[in-house]
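Just below is one structure, and these are the notes that go with it.
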Amino acid sequence: MRLSDRAMLVTFAVLLPMPALFSAMGEPFLTVVLTRALIFAIAALSLDLILGFGAMVSFGHAAYLGIGAYAAGILAANGVTGLEVQLPVALAAAGAFALVTGAISLRTRGVHFIMITLAFGQMAYFLMSSLSAYGGDDGMALAGRSTLFGADPFGSSLRFFYVTLALLAGIWALLRAVTRSRFGRVLTGTRENETRMQAIGFSPFGYRLTAYAISGMIASVAGVLLANHAAFVSPSYMGWARSGEMIAMVVLGGMGTLTGPVLGAIAFILSEEALARLTTHWRLPFGAAVVLAVLFTRGGLLGALRGRR
Amino acid sequence: MKRITRISALTAGLVLTALPALAEGVKVGVMMTLSGSAAVLGEQGRDGFLLALEEMGGKLGGLESEVIVVDDELKPDVAVNRARELVESHKVDVVVGAMYSNVQMAITGPLTEAGVFVLSPNPGPSALAGAGCNPNFFAVSYQNDQPDEVVGAYVSGKAARTFLIAPNYQAGKDHLTGFKRTYTGEVADELYVPLDQMDYSAELAQIAAAAPDAVYAFMPGGLGVNFVRQYRQAGLETIPFYSTFTVDEVTLPAQKKDAVGFHSGGDWAPDLDTERNRAFVAAFEAKYDRVPASYAAHAYDAAYLLDSAIRAVGGNLADKDALRAALKAADFDSVRGEFSFGANHFPLQDFYVTRVAERADGKFQTQIVEKVLEKPVDAYAAECPMK
Amino acid sequence: MTNLLILQGLNGLQFGVLLFLVAAGLTLIFGVMDVINLAHGAQYMVGAYLAAAFTGLAGNFLLGLVLAVPVALAFGLVLEWLVIRRLYDRSHLDQVLVTFGLMLMLNEGVRILWGSAPISVDLPEALSGSIPVWGTLRYPVYRLAILGAGLGVALGLWWMIHRTRLGMLLRAGASNRAMVSALGTDINRLFLLVFGAGAMLAGFAGAMMVPVISAEPDMGDTVLILTFVVIVIGGIGSIRGAFVAALLVGLVDTLGRSFGPILLRSLMEPDMASQTGRTLAPMLIYILMAAILAVRPAGLFPVQR
């Protein structure tokens, strides 16, 4: 078994009993915090598919988080709380947005790709900011928690945690399968050597665009969860700073692996929460931590594990 | 013991009174925006509340108090999480907050559903005043539209054509709506600018081209600082400037002379002539070395309101109905003089038009020009089912 | 209408010139050093705070400005020496993260030092007020001064890049880095110089804007994003591209904001028009960038590599 897989199984095994541990410690609220970290782990995983495996640095990935959140928010505001409707709508909207913007963005390379994805992300952000029927810039409270065929999967913080964990595990398994399929190998191949892939008869564009769409769709699932977690939907989910934070999660965790982004997201959210409790000036130590982490570790958290082995 | 250590660790870096929890104490969450460039308002609110608490020796209504100050970062999703933490981890009885309407809308639902009382030191969104009024929510400030209605009424007799400008978000639209509700003249034009814009040269050119009789602006915080200074630089000061939340004690230290003579409207000013207010302003200036703004005054009032209510129920916080009735009675000595709550838990109080002036000590403050409205009922109160 | 057009044109040019000052450094750092510097906007902010602080000490804005510029340069040099030089052999992603971290630290640092309230500076007496430019049309003197100073710096840069040895090295560095160092140039010193100069130009822009917009934390973030848009439209590494793109972005943004709604009103209902205008105005430059990149993926003036 690969190191990445083993690390992931250990991670799941550690996460599983956490809520029980937290309530034994008399800190049940930490379960809520950890759930938020897991939601971002899903988002970071989706970004890693294009960033780590496909070498496409998207600086507008938060847009898909927002599309998912607004799909849940707008449908709930119109009385549709069923996930059986919300999820397909979120996936379809995210997929469509990804196909259209991806088809244009993928014409560019490198830094230009970063900037054009940023541009599309900002457009989505401003569009939602001007949607005054749904709160505009202020955002809106979620009219009702999402349900699943009448059941209430987000009813308690405990249930929410395990539903999120199960989704994370499922998406991890799905992406593991995708990256090891022929499709995944071609995608990784275009990252390593584009010309060679073209020479042996693959057109990278189609593969890249498909990966870009899958990635956006998975991120929208995290968006639906985030809307339910905060009970609130806001354009601030889609700002460029949030996209930057997601890149940080992936790179700090270890890009191009499926465990790295999960660890990175958990470490990122937990340290942000911890520092914010210590001081209102938490951005200073947080920024310093990011700088030092990148300068003195290579390959992210997972790389550090690997190095110690 | 563990609990106490954790709380002090949690609040390190903040100036606050974290007293050890007693079994029969009262726990108050103070949620303000304390980071980012919007923090100036939150700092005023926090300081106003803590000043009152200090004057009362750390007690509220005779109970030992424990205050947990949290930063909402002006992000509604972060605020909701922190609010849930206040309920679930700290088991607070009351939350004093927030500073901005979008945060207020996000936290009020989750907090009140959990049985917590929410006292707002600034936002009074229309959604909480009308059909969505909430038995556990009290606006210690005003309904958001009221200051604008005051200025609108005042300007009606003075300018035939007024040019309106506000940032492009919900509160911006609400404030201009409030102005137009009472303004009887003609609206020359209405401009909405992005929230993160700092240079208003294009808008000022449009104002100059329209040549209105007056300008009405809702440009809160840093927006107001830049807008007012550039208004003066563009040589537009011959056009009378009316506003709300654009020239106040938070922005004046940066606007200084540029804002002198500009008008604002509200329920309070540092020179409001009540004995209680004179004492408050003197104490605030002595402790923090700056002029208090309405945000501090409201938070200060919130502390004394809370004190009066807890005293009225004899410290029995479990009896929520009695506590609610005691809060509603508003039996405390407000810095604003006469103060009571209407059926929708929004205040009935007088409103004034103010003007910026330089004091003898070189500091700047708003000063009352005249009382415009006497105890108006807000425009949404009729829709509130609470009686 | 003509008057308003001229006025808004001047405003757009002045905004564009300001963007150019920030973008010039960013595009050189990017083009010559191949470093993505997200902390560049924070250096604009640092310049603004330095000018405000020195003006407070010296009691005179022009003196404050003169003091702020060398300190901004020194600040850039120290930053390069401490952090940035460790990034030359790193991937773009690592650079993005480190400079993102630096940006957070600088934003919070000024907040700790100067508080979160905006700090303003009075206009110098000689440059306050407005002068007639066209018939009855008046324009603030100080904004004309910004326009003039920006154009002056642009001219100076053009001269330096096309007429001096240093400029030749910079042009060579932007298209072939290995060649420059193979020719025996101390590449480390060149990089130090470029980064310092970039920080100084951004700081100068921030310092000049202080009397207009006052210094506050996070003020560099919006400028940073706009500057990235500018250098990508212009073609990374190209000073000429940055200049053209900066003026283009400045004009499109300013004119779009003020004439967009008027234009829309002739096409649709007034209510609908103002709603659409409010939605489109902030998106305009991003639409412009996406459109230009869709047609010319390497920007308007791509640097030959």
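Just so you know, these numbers come straight off a predicted model, no measurement behind them.
- Heavy-atom distances place the side chain of C:Leu224, and not its backbone, under 4.5 Å from chain A.
- Here the shortest heavy-atom pairing between C:Ala242 and C:Val230 reads O-CG1, 3.5 Å.
- The backbone N or O of C:Val96 lies less than 3.5 Å from a partner atom in the side chain of C:Thr99, making a donor-acceptor pair.
- Interface remark: C:Leu106 contributes no atoms to any contact with chain A (heavy atom separation under 4.5 Å).
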Could you list the donor-acceptor pairs under 3.5 angstrom formed by side chains in residues 240-254 of chain A, with sequence neighbours left out?
residue: A:Arg242; atom: NH2; partner: B:Asp77; partner atom: OD2; Å: 3.1
residue: A:Ser243; atom: OG; partner: A:Phe59; partner atom: O; Å: 3.4
residue: A:Ser243; atom: OG; partner: A:His61; partner atom: N; Å: 3.4
residue: A:Ser243; atom: OG; partner: A:Ala62; partner atom: N; Å: 3.1

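- Between the C:Gln43 side chain and the C:Phe75 main chain, no donor and acceptor come within less than 3.5 Å of each other.
- Highest contact tally toward chain A, considering only C:Ser91, C:Gly299, C:Gly101, C:Gly109, is held by C:Gly101 [criterion: heavy-atom pairs under 4.5 Å].
- A:Ser215 contributes no side-chain N or O that, together with a main-chain N or O of A:Ala211, makes up a donor-acceptor pair within less than 3.5 Å.
- For chain A, the option among C:Asp94, C:Leu104, C:Val83, C:Ile225 with the highest count of heavy-atom pairs below 4.5 Å is C:Ile225.
- Of the two parts of A:Leu127, the backbone and the side chain both hold a non-hydrogen atom closer than 4.5 Å to a non-hydrogen atom of chain C.
- Residues in residues 97-122 of chain A take part in these salt bridge (charged side-chain N to carboxylate O under 4.0 Å, His left out) pairs, two or more places apart or across chains: A:Arg109-A:Glu194.
- For the residue pair A:Leu209 and A:Ala98, the shortest heavy atom distance occurs at CD1-O, 4.2 Å.
- For chain A, the nearby part of C:Phe100 is the side chain; its heavy atoms alone come within less than 4.5 Å.
- In this structure, the portion of C:Leu87 lying under 4.5 Å from any heavy atom of chain A is its side chain and not its backbone.
- Annotation: the span from C:Thr27 atom OG1 to C:Phe301 atom CZ amounts to 12.0 Å, rounded to 0.5 Å.
- Counted within 6.0 Å of CZ on C:Arg240, heavy atoms from surrounding residues, nucleotides or ligands total 12 or fewer; the atom is thus considered open.
- Only the side chain of A:Phe120 has a heavy atom closer than 4.5 Å to any heavy atom of chain C.
- Heavy-atom distances place both the backbone and the side chain of A:Val294 under 4.5 Å from chain C.
- Contacts of C:Asp221 with chain A are made by both backbone and side-chain atoms, with heavy-atom separations under 4.5 Å.
- Only the side chain of C:Leu93 comes within contact range of chain A, with heavy atoms under 4.5 Å apart.
- Proximity to chain C (any heavy atom under 4.5 Å) is shown, for A:Val291, by both the backbone and the side chain.
- Heavy atoms of A:Leu51 lying under 4.5 Å from chain C belong exclusively to its side chain.
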